[in-house]
> 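There's a structure below that I have some questions on.
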Amino acid sequence: MANERYNAPEREKHWQKVWADAGIFAASNDYSKPKCYVLEMFPYPSGRIHMGHVRNYTMGDVLARYKRARGFNVLHPMGWDAFGMPAENAAMERRTHPGIWTYDNIGTMKAQLKSMGLSLDWSREFATCDVNYYRHQQKLFLDFLDKGLIYRKSSKVNWDPVDQTVLANEQVIDGHGWRSGAPVEQRELTQWFFKITAFADDLLNALDTLENWPEKVRTMQANWIGKSHGLLIRWALVNAPDGESELKVYTTRPDTLFGASFVAIAADHPLAKAAARNNPELAAFCEECRRAGTSVADLETAEKKGFDTGIIARHPFDSSWKLPVYVANFVLMDYGTGAIFGCPAGDQRDLDFARRYELPVIPVVAPPDADPATFAIGREAYTADGVMINSQFLDGMDTETAFETVANRLSEQQLGGTPVGTRTINFRLRDWGISRQRYWGCPIPVIHCEDCGVVPVCDADLPVVLPDDVTFDNTGNPLDRHPTWARVDCPQCGKPARRETDTMDTFVDSSWYFARFTSPHADTPTDIQAADYWLPVDQYIGGIEHAILHLLYSRFYARAMAEAGHLPPDMKEPFSALFTQGMVVHECYFQKTEDGKPIWLEPEKVHIEGEGGNRVATLVETGDPVCIGDIIKMSKSKKNIVDPDDIIASYGADCARWFMLSDSPPERDVIWTEAGVAGASRFIQRIWRLIGIVLEKGCEHSAQKPDTLCDEALALRRVAHKTVHQVGQNIEDLRFNVSVAQLYEFVNAVQSAASQEASQKGSGLDWAIREAAELLIQMIGPMMPHLAEECWARLGYNTLLAEHPWPALEEELLVDDTITIAVQVNGKRRGELTIATSASRSEIETAALKLEGISRVLEGKMPKKVIVVPQRIVNIVV
RNA sequence: GCGGGCGUGGUGGAAUUGGUAGACACGCCAGAUUUAGGUUCUGGUGUCGCAAGGCGUGGGGGUUCAAGUCCCUCCGCCCGCACCA
């Protein structure tokens, strides 16, 4: 028996069935138990799972299994982020329905996830395209609308004229639609918006409370929210069209007001539009501005250009000081007021602009160490703080004082009966436009009536169900083309009216799924008691690519849901800890065509020999040479993909899981290699053999702990219990790679103890080896659950390891009687000292000075100083 | 430009948060066993040196009894945002 290999694929299926039949991974509704909610970002059902999923879900599963063993009531659910454009595109290509494609994929991927042996509570599974999910999303929409958290406005959108749909900014590539390739147009459309800006300050401030989030994500969100303190200044205008008398300008640098040499407005600014009506040249310039500037490359190379409108602005502190008003291509309509005052000395863009149009450059802030009399601006603006110069009553002040002084003066100064300057806080964050002209999304539950306007669908009429009889043989939104679906009577006046045919952005679906998992079958969106118990998510795990959108939207949703009574009132942050895992990367292989273009090759088609820089790749079939490319993220286009199914079928899920946890720290990219998988597989067989050896030793499952233990036995117990302690701690800290290393080390220790022939009866070594083996199996349980379960049974247990508590530590074994520490002379290691752990400083010092190697180095010299850090180190200074 | 991160053997990476640098794994070398099939076992493996011993965590400088870890500075790489007034 012991010589047989462990047949992972076969035994894994067995244990998966046993777990499923026992139903042990369903979260309990016993709210008196301590809870732990472990969640990995749910997948989009694109077709098949990939190695990124394997890594993500393995990490979550290790934590879930570990927490369960530690006595927590664990919620570890899974679902599907199932609405979205790919399903519609697939429907168009395959002449099928998006729902059929989506649910097919879910079926496939669910089977794949099950083959990984994840401890998921499948009883809570849902897809966001299930009516029973999106009906509640519609209810949330209506309640948010009622609370004033949703509004409708006309806004500019990216419009793909071929696909007849709105595109998100991410879907516009170099000014062209990512799918159709058509030049994207800007269109004014009336859209629904979520008032995320109402929470801007809270979303920013609360970032400080998210201690268990990566610093990077918090910074990215803070930058995205983009809070700034400034002053709104009203400039009096002369010669403006339509008798316009003033222009509002937002600035964060009112201190530089005396350095102003022009005013600039965005091409879309109402004043610009008004001025352009009687000025074809200006109109053409504005049009040019609108067209440019979609791609990153454009922005980098774009020169600062402007057009003098002929309008004059009067300086707030001196009405005789007249500044030209330009339309400028670098002023954005949707930030601040769409208008700036240009201070060339203090802003690089303004300086570039001023040099081009030969406008004055007046230095107003001098560096603290510069001579104010001679300080001048050359090619670079001075943007840092300093001392005010050339600024009348501000001269000599520091930047901050000057800011305050200007703000105070302008708030007292009047223009047309109201203050010229108002202190303002400005955010970069925009409200979230959620209208999409697509079919495969959650219908927005409102009705448009000619008489009553926008009328919300009554609660009783929910859900607004997507019609199944739609066609995808044309572009645009199939809901618009449906003959009857949109026709409905107005709930208020009863006259014929029309349903909203836009659907919600799919980011809405994923903004509250974590809350729905806490009561997936409730008749209301959430069950407050369940939500109160389970939320927040204790550990959320997913990719960094969601650092802003998904994670910010979810934080907004938690607040909005609390306000609408769907979450406990004090619930704000949905995810108390966030972990962003690295990608799975793989070498890519290619051959070159005659014109030098690469033809990418699947890894299994390539054979590699040699090592390091001498590696040679050839085509398996023909032996033709193959080029080895970079190590990059697994992707279909580069074909550097390894299919999880293939690995699980030949090596088993435990092997894939173990490899994913080994070596690379979880936040860093992991390189998938054949050698690494083989190593993991060898380790599985090694554990299997080790258990065989332990069983042969003959120590019974039920054997009592002997009264006396030999030194070897005691030493093994010490190692075992220390390892249990450390592996547990490292799992909690998500340092899986370190846990893995400790387990390797432990297996080495157990194996070497087990191979000792000297273990006589009565020494207790047999018993200690048996204990160590059982502890080993319990420790690998969260990581390689099938192998562990199999070994657990082999060791004589007829209970499930998956239900077994984490081993209890014997604290006294964590501390050794003796310890070996380094002895340094002048900071260089010259010897080692093994001494009682409890030894005093003077005992350690005496023993260290007596060491042979030390006295030789000292050559009789008297030490000047001896530093003793008990249990750490001795350093003798001569 | 702004922000975040990283730099340790041939490779992935450890290092109790200032205390024996290179744990563990991969790879490689030598030997043993078996030699059909991702074998197994033993030993070695930072570097220079026959050795004693030097030198070693991107470079340089500093603090300290002691620095991979802290400070300054320079270099290199990766990621995110980007005309944000």
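Per chain, numbering begins at 1; letters A, B, ... match sequence-line order. Predicted model, so just to flag it, every value in this text is computed and none were measured.
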> Let me know the distance between CH2 of A:W688 and C1' of B:U39, rounded to the nearest Å.
18 Å

> Looking across every strand, which nucleic acid part, if any, lies under 4.0 Å from A:S664 by heavy atom: base, sugar-phosphate, or nothing?
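A:S664: backbone/sugar contact only, no base atoms under 4.0 Å.
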
> Return the nearest nucleotide to the side chain of A:R428; candidates are B:A15, B:C81, B:G3.
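Of B:A15, B:C81, B:G3, B:C81 is nearest to the side chain of A:R428.
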
> Taking B:G38 as the reference, what is the distance to B:A21 when you measure between their P atoms (whole Å, please)?
41 Å

> When all nucleic acid strands are considered with a 4.0 Å heavy-atom cut-off, which category describes A:V331: base, sugar-phosphate, or nothing?
base

> Could you tell me how far apart A:K633 (NZ) and B:G80 (P) are, to the nearest whole angstrom?
11 Å

> Determine if the base of B:G31 is syn or anti; take syn to mean the glycosidic torsion is within 90° of 0.
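Here the answer is anti: the torsion falls beyond 90° from 0.
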
> Would you mind reading off the distance between A:E674 atom CD and B:G27 atom C1', rounded to a whole angstrom?
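A:E674 atom CD is separated from B:G27 atom C1' by 15 Å.
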
> My understanding is that a pair needs two contacts under 3.5 Å, Watson-Crick or G-U wobble. By that rule, which nucleotide pairs with B:A21?
none

> Can you check the distance between B:G18 and B:C65, where both ends of the measurement are the C1' atom (answer in whole Å)?
12 Å

> Roughly how far apart, to the nearest Å, are B:G22 and B:G9 at atom C1'?
7 Å

> Rounding to an integer number of angstrom, what distance separates B:G37 and B:C55 when you compare their C1' atoms?
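After rounding to an integer number of Å, I get 47 Å for this pair.
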
> Check A:D816 with A:K722, please: is the shortest side-chain N to carboxylate O separation under 4.0 Å?
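Salt bridge between A:K722 and A:D816, a charged N being under 4.0 Å from a carboxylate O: yes.
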
> Quick one: is A:R668 getting a side-chain N or O under 4.0 Å of the B:C6 phosphate, OP1 or OP2?
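No, no such contact exists.
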
> Is A:F683 touching bases, backbone alone, or none of the nucleic acid, heavy atoms closer than 4.0 Å?
nothing

> Identify whether any heavy atom of A:P214 sits under 4.0 Å from a base atom; if not, whether one sits that close to sugar-phosphate; answer base, sugar-phosphate or nothing.
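Contact class for A:P214: none.
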
> Using side-chain heavy atoms (C-beta onward) and a distance below 4.5 Å, is A:I873 in contact with A:I821?
no

> Kindly confirm or rule out a cation-pi arrangement of A:R428 over A:W224, judged by NZ or CZ under 6.0 Å from the six-membered ring centre and within 45° of its axis?
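Pair A:R428/A:W224 counts as cation-pi.
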
> With side chains defined as the heavy atoms from C-beta onward, is the minimum distance between A:V874 and A:I876 less than 4.5 Å?
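Side chain of A:V874 against side chain of A:I876, heavy atoms only: contact under 4.5 Å found.
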
> Does the protein touch nucleotides 19-24 of chain B at the base, only the backbone, or not at all? Give it as B, S and - per nucleotide, heavy atoms under 4.0 Å.
BB--BS

> What contact category does A:K722 fall into here, base, sugar-phosphate, or nothing, at under 4.0 angstrom with non-hydrogen atoms?
nothing

> For B:C50, which nucleotide is its Watson-Crick or G-U wobble mate, given both distances must be under 3.5 Å?
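Checking every strand shown, B:C50 finds no partner, since no pair has both distances under 3.5 Å.
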
> Write down the partner of B:A15 under the Watson-Crick or G-U wobble criteria, each distance required to be under 3.5 Å.
none

> Mark yes or no for a side-chain to base donor-acceptor pair under 3.5 Å between A:K304 and B:C83, with no hydrogen or angle criteria applied.
yes

> A:R689 side chain: which of B:C65, B:U40, B:G3 is closest?
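From the listed options, B:U40 comes nearest.
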
> Can you tell me the Watson-Crick or wobble partner of B:C83, both distances under 3.5 angstrom?
none

> Salt-bridged, A:D733 to A:R735, with N to O below 4.0 Å?
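Salt bridge: no.
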
> Are the side chains of A:P324 and A:V263 in touch, meaning some heavy atoms are under 4.5 Å apart?
no

> If B:U64 has a Watson-Crick or G-U wobble mate with both distances under 3.5 Å, name it; if not, just say none.
none

> Using the P atoms only, state how far B:U63 lies from B:A82, rounded to an integer number of Å.
44 Å

> Mind checking who B:A32 pairs with, Watson-Crick or G-U wobble, both distances under 3.5 Å?
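Pairing partner: B:U40.
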
> Just so I know, are the side chains of A:M51 and A:I647 near enough to count as touching, which here means a heavy-atom distance under 4.5 Å?
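A:M51 vs A:I647: side chains touch.
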
> Quote, to the nearest angstrom, the P distance that separates B:C77 from B:A32.
49 Å

> Which whole-number value in Å describes the distance from A:E667 CD to B:G12 P?
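Rounded to the whole Å, the gap is 15 Å.
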
> Can you tell me the distance, in whole Å, between the NZ atom of A:K227 and the C1' atom of B:C2?
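Roughly 20 Å, once rounded to whole Å.
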
> Return yes if some donor-acceptor pair links the side-chain N/O of A:D347 with the main-chain N/O of A:C343 below 3.5 Å, else return no.
no

> Nearest heavy atom decides the nucleotide; on that basis, is A:Y651 or A:A339 closer to the 5' end of RNA chain B?
A:Y651

> If the cut-off is 4.0 Å, is A:R682 near the phosphate of B:G27, judged by side-chain N/O to OP1 or OP2?
yes

> Is there a Watson-Crick or G-U wobble partner for B:G56 with both distances under 3.5 Å, and which nucleotide is it?
none

> Would you indicate what A:T252 reaches in the nucleic acid, counting non-hydrogen atoms under 4.0 angstrom: base, sugar-phosphate, or nothing?
sugar-phosphate

> Given the C1' atoms of B:A15 and B:C24, what is the spacing between them in whole Å?
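Between the two C1' atoms, the distance is 12 Å.
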
> Does A:Y335 place a side-chain N or O at less than 4.0 Å from the phosphate oxygens OP1/OP2 of B:A85?
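Yes, A:Y335 has a side-chain N/O under 4.0 Å of OP1/OP2 on B:A85.
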
> Distance check, C1' atoms only: B:U8 and B:G56, in whole angstrom units.
10 Å

> Between B:U64 atom P and A:N826 atom CG, what is the distance in whole Å?
15 Å

> Choosing from B:G4, B:G80, B:C55, which nucleotide comes nearest the side chain of A:K828?
B:C55

> Nearest-nucleotide wise, let me know which of A:A675 and A:I876 is further upstream toward the 5' end of RNA chain B.
A:A675

> Specify the separation, in whole Å, of atom CG of A:D352 and atom C1' of B:G1.
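After rounding, the gap between these two atoms is 12 Å.
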
> Begin with the C-alpha distance, continue with both residues' side-chain angles, and end with the deciding distance and a verdict on ring-ring contact (aromatic ring centres under 6.0 Å, His included) for A:F341 and A:F262.
CA-CA 6 Å; A:F341 78 79; A:F262 65 96; 9.0 Å; no

> I want to verify a distance call: between B:A85, B:C26, B:G4, whose nearest atom is closest to the A:E215 side chain?
B:G4

> Aromatic rings A:W658 and A:F683: how do their planes relate, parallel, tilted or perpendicular, breaks at 30° and 60°?
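Ring orientation, 0 to 90° scale: parallel.
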
> Using a cut-off of strictly less than 4.0 Å, decide whether A:Q729 has a side-chain nitrogen or oxygen near OP1 or OP2 of B:U16.
no

> Tell which nucleotide pairs with B:G10, taking only Watson-Crick or G-U wobble pairs whose two distances are both under 3.5 angstrom.
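Its partner is B:C26.
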
> Counting the atoms with a prime plus P, OP1 and OP2 as sugar-phosphate, which does A:R830 contact under 4.0 Å by heavy atoms, base, sugar-phosphate, or nothing?
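Result for A:R830 = sugar-phosphate.
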
> Over 60° means perpendicular and under 30° means parallel, so tell me whether A:Y357 and A:Y326 are parallel, tilted or perpendicular.
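It falls in the tilted class, 30° to 60°.
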
> Give a yes or no answer on whether the side chain of A:Q685 reaches the backbone of A:Y6 with a donor-acceptor pair at less than 3.5 Å.
yes

> Expressed in angstrom and rounded to an integer, what is the separation of A:L351 atom CG from B:C83 atom P?
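The answer, rounded to whole Å, is 19 Å.
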
> Classify the nucleic acid contact of A:R735 as base, sugar-phosphate or nothing, counting any heavy atom under 4.0 Å across all strands shown.
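Since only primed, P, OP1 and OP2 atoms lie under 4.0 Å of A:R735, the category is sugar-phosphate.
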
